[in-house]
Amino acid sequence: MNITKENVDKLNAILKVELNKADYEENVEKILKDYRRKSNLKGFRPGMAPIGLIRKMFGNAVKLDEINKLVSESITNYLQSENIRILGDPLPYEKDMENNNFETAEDFTFTFELGLEPEFNIEISKDDRVTFYEITIDEKLRNNYIDNYTRQYGKFVSADKSEENDILKGSIVSADEQVETDRVVFSNDEATLSVALIKDEDIKKLFTGLAPGDSVNFDLKKAFPNDNEIAGLLKITKEQAEKADGIYKFTVSEISRFQPAKIDKELFDKIYGENVVTTEEEFYKKIDEEITVSLNNESNYKLKLDLKNLVMEKTPLDLPEEFLKKWLLKINEKTTVEEIEKEFDSFRNELKWKLIRNKIARDNDIKITTDEVIKEAENVARHQFYQYGIFYLTDEQIAKYANEMINNEEEAQRIADKILEEKALEKFKEMVTVENKKVTVDEFNKLFE
């Protein structure tokens, strides 16, 4: 076997792999003998079919399979031994398959296109500055946090008179005295109506100040222009709701009003556990701590975003774009050339950042340990459960889900990439000057506009 590489330019190369019979013959014969040993062909005792017959039946397929396997392994080993970093995968010349007659030929030549990683330097220093925006806590933000908790642990209570934000239960039926014969009317004895969802302000006023037993007539379509809302109110399909119109009568049977939780020890125990927080002073202090953590996460996100943009801007590098477009088209069989062109800018930026990130990791010998992957997988699993309101899982249960996660190769790689990203950004942070600046929440949000 002989492998040679010829550089077309700094970003593209041609790789030639030359095989002769001696490179693959031994493995092919070994596999064919194994086929014979396991054969059970009609007219022959098990395992006793002539090797010539086995070769005639399976020889070409085995030969082709072994050649493909040998070429793939040889290219991988060659690139590693020569320390050649490529982008994407080697792309075979289609003509090789036409020119090589696998049934009769013994020696073969395969040619591949390579897209090479560019050589580049990361030119950032302490002269480069990024800003860490320290967000100050104000009363509005603090009150929003408190409101979220009081609403989260609030409840619905019965009310005597309806108000704008109440939920009304009752019956609804057409109130038109004369209904056209071809018009369909609907009714629902167990209807639920949200006063706040009524679009017409005059009709909304009709639904305030009502008591159980009171009735009100209203224009259905005027109150609820959205057919999905009418479908929910009348418990009918959206198609039926399109035909529902006219004057309807709603009779109130029950009024429900949402009541936020009181700021007291019962609320503190529900949020933090029994006796962890016992006074309002401790509660407000805890709220500020939570806000600080959340704001710090937001500030760090902005810092990393700006840091990443700075590094990208200060690190120009070229890519073998034509090769990459051809490779993307090859691995995404259902994708068109137009779609590749449309998405290529985004792909190019992601690839550039990945190359920069990987270089800083190589240059600084940044490693990722198994323990780090496991710990991050546990954090991801815990966060996912928290999003669904599941806070009671034990550490053992979280660890079980995390192990299942990293047993998935793609998921494990995604987690490893996330860890590498964080470590690379921390290294970049050390290389530049970070300046602090205090901003309000509104000022911080405007930075993203």
Side-chain angles (χ1 to χ4, degrees), residues 132-170 192-198 201 204-205 207-212 232 252-302 378-395 397-398 436-448:
F132 178 83
Y133 296 96
E134 184 181 344
I135 310 169
T136 55
I137 301 175
D138 56 27
E139 281 302 312
K140 180 182 176 182
L141 187 59
R142 186 180 289 111
N143 289 336
N144 284 340
Y145 260 74
I146 295 171
D147 286 345
N148 284 337
Y149 273 132
T150 57
R151 294 190 67 80
Q152 181 181 345
Y153 293 97
K155 60 184 178 181
F156 281 94
V157 296
S158 295
D160 296 328
K161 292 283 184 180
S162 63
E163 295 179 359
E164 187 172 326
N165 291 316
D166 289 344
I167 304 293
L168 308 183
K169 292 183 180 180
T192 300
L193 184 150
S194 172
V195 179
L197 291 181
I198 296 174
E201 291 301 320
K204 185 180 288 186
K205 290 176 183 177
F207 277 87
T208 59
L210 299 177
V252 180
S253 62
E254 184 180 337
I255 303 168
S256 294
R257 182 171 301 155
F258 181 77
Q259 186 179 78
K262 293 181 180 179
I263 300 176
D264 56 19
K265 189 174 181 302
E266 182 180 351
L267 176 63
F268 309 153
D269 288 347
K270 286 179 179 178
I271 300 172
Y272 303 110
E274 194 170 351
N275 295 324
V276 174
V277 173
T278 58
T279 66
E280 282 193 32
E281 184 181 355
E282 291 176 357
F283 175 61
Y284 296 136
K285 183 179 179 182
K286 198 81 170 174
I287 289 292
D288 280 1
E289 290 173 359
E290 291 176 18
I291 296 174
T292 300
V293 170
S294 178
L295 294 182
N296 194 56
N297 288 338
E298 295 291 324
S299 297
N300 275 317
Y301 171 76
K302 175 62 176 168
E378 290 175 351
N379 289 337
V380 171
R382 188 174 285 108
H383 180 69
Q384 287 176 348
F385 284 115
Y386 284 177
Q387 285 183 314
Y388 290 102
I390 302 174
F391 302 96
Y392 51 78
L393 291 183
T394 64
D395 290 342
Q397 289 172 314
I398 291 292
N436 274 41
K437 181 180 180 181
K438 289 190 175 184
V439 293
T440 65
V441 173
D442 289 340
E443 287 172 336
F444 182 78
N445 289 335
K446 285 180 181 178
L447 296 173
F448 290 91

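We number each residue from 1, following the sequence as shown.
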Within 45 degrees of the ring normal and closer than 6.0 Å to the centroid, is that where the cationic atom of Lys286 sits relative to Tyr272? yes
For Ser253 and Gly170, which heavy atoms make the closest approach, and how far apart are they? OG-CA, 3.4 Å
Quick one: closest heavy-atom pair of Lys161 and Gly209, and the distance? CD-O, 3.5 Å
Does Thr278 reach the main-chain N or O of Asn275 with its side chain, forming a donor-acceptor pair under 3.5 Å? no
Just jot down the salt bridge (Lys or Arg N to Asp or Glu O under 4.0 Å) partners of Lys270, sequence neighbours excluded, or say none. Glu266
With a 4.0 Å cut-off, would you call Lys285 and Glu282 a salt bridge? no
Ionic contact status for Lys204 with Glu201, cut-off 4.0 Å: yes
Can you label the angle between the Tyr301 ring and the Phe448 ring as parallel, tilted or perpendicular, going by 30° and 60°? parallel
Determine whether Ser256 and Val157 satisfy the following criterion, side-chain contact (heavy atoms from CB on, under 4.5 Å), listing intermediate values before the conclusion. CA-CA 6 Å; Ser256 294; Val157 296; over 6 Å; no
Output for pair (Ser194 OG, Asn165 CG), nearest 0.5 Å, gives 7.5 Å
Would one find more than 12 heavy atoms of other residues, nucleotides or ligands at under 6.0 Å from atom CZ of Arg151? no
In terms of side-chain geometry, is the basic nitrogen of Asp395 or Arg382 positioned less than 4.0 Å from the acidic oxygen of its partner? yes
Given Glu443 and Leu447, is the side-chain contact (heavy atoms from CB on, under 4.5 Å) satisfied, shown in steps? CA-CA 7 Å; Glu443 287 172 336; Leu447 296 173; over 6 Å; no
Tell me whether Asn143 contacts the main-chain N or O of Glu139 through its side chain, where contact means a donor paired with an acceptor under 3.5 Å. yes
Euclidean distance, Asn296 CG relative to Ile135 CD1, rounded to 0.5 Å: 8.5 Å
4.5 Å side-chain heavy-atom contact, Ser294 and Tyr145: yes
Identified side-chain contact (heavy atoms from CB on, under 4.5 Å) partner of Ile287 from the options Val277, Ile146, Ile137, Thr292: Ile146
Does some side-chain heavy atom of Phe444 sit less than 4.5 Å from a side-chain heavy atom of Lys302? yes
Checking side-chain contact (heavy atoms from CB on, under 4.5 Å) for the pair Glu274/Phe268: CA distance, chi angles, key distance, verdict? CA-CA 8 Å; Glu274 194 170 351; Phe268 309 153; over 6 Å; no
Can you find a heavy atom in the side chain of Thr192 that is under 4.5 Å from one in the side chain of Ile167? yes
Contact check, side chains of Glu280 and Ile263, non-hydrogen atoms, under 4.5 Å: yes
Checking the side chain of Gln397 only, and the main-chain atoms of Thr394 only, is there a donor and an acceptor separated by less than 3.5 Å? yes
For Phe207, is there any backbone N or O sitting under 3.5 Å from a side-chain donor or acceptor partner on Ser162? yes
Note, Ile255 side chain near Asp160 side chain (heavy atom, < 4.5 Å): no
For a 4.5 angstrom cut-off between non-hydrogen side-chain atoms, does Leu193 reach Val252? no
Taking the side chain as every heavy atom from C-beta outward, state whether Glu163 and Val195 have any atom pair closer than 4.5 Å. no
Is the backbone N or O of Tyr133 less than 3.5 Å from a side-chain atom of Ser299, with the two atoms forming a donor-acceptor pair by type? yes
Is it the case that over 12 heavy atoms from other parts of the model lie below 6.0 angstrom from the CD atom of Glu281? no
Under the side-chain contact (heavy atoms from CB on, under 4.5 Å) rule, what do Tyr149 and Ile271 come out as? Steps first, then yes or no, please. CA-CA 8 Å; Tyr149 273 132; Ile271 300 172; 3.6 Å; yes
Check Asp269 with Lys265, please: is the shortest side-chain N to carboxylate O separation under 4.0 Å? yes
How about Thr136 and Val439: do any of their side-chain heavy atoms sit closer than 4.5 Å? no
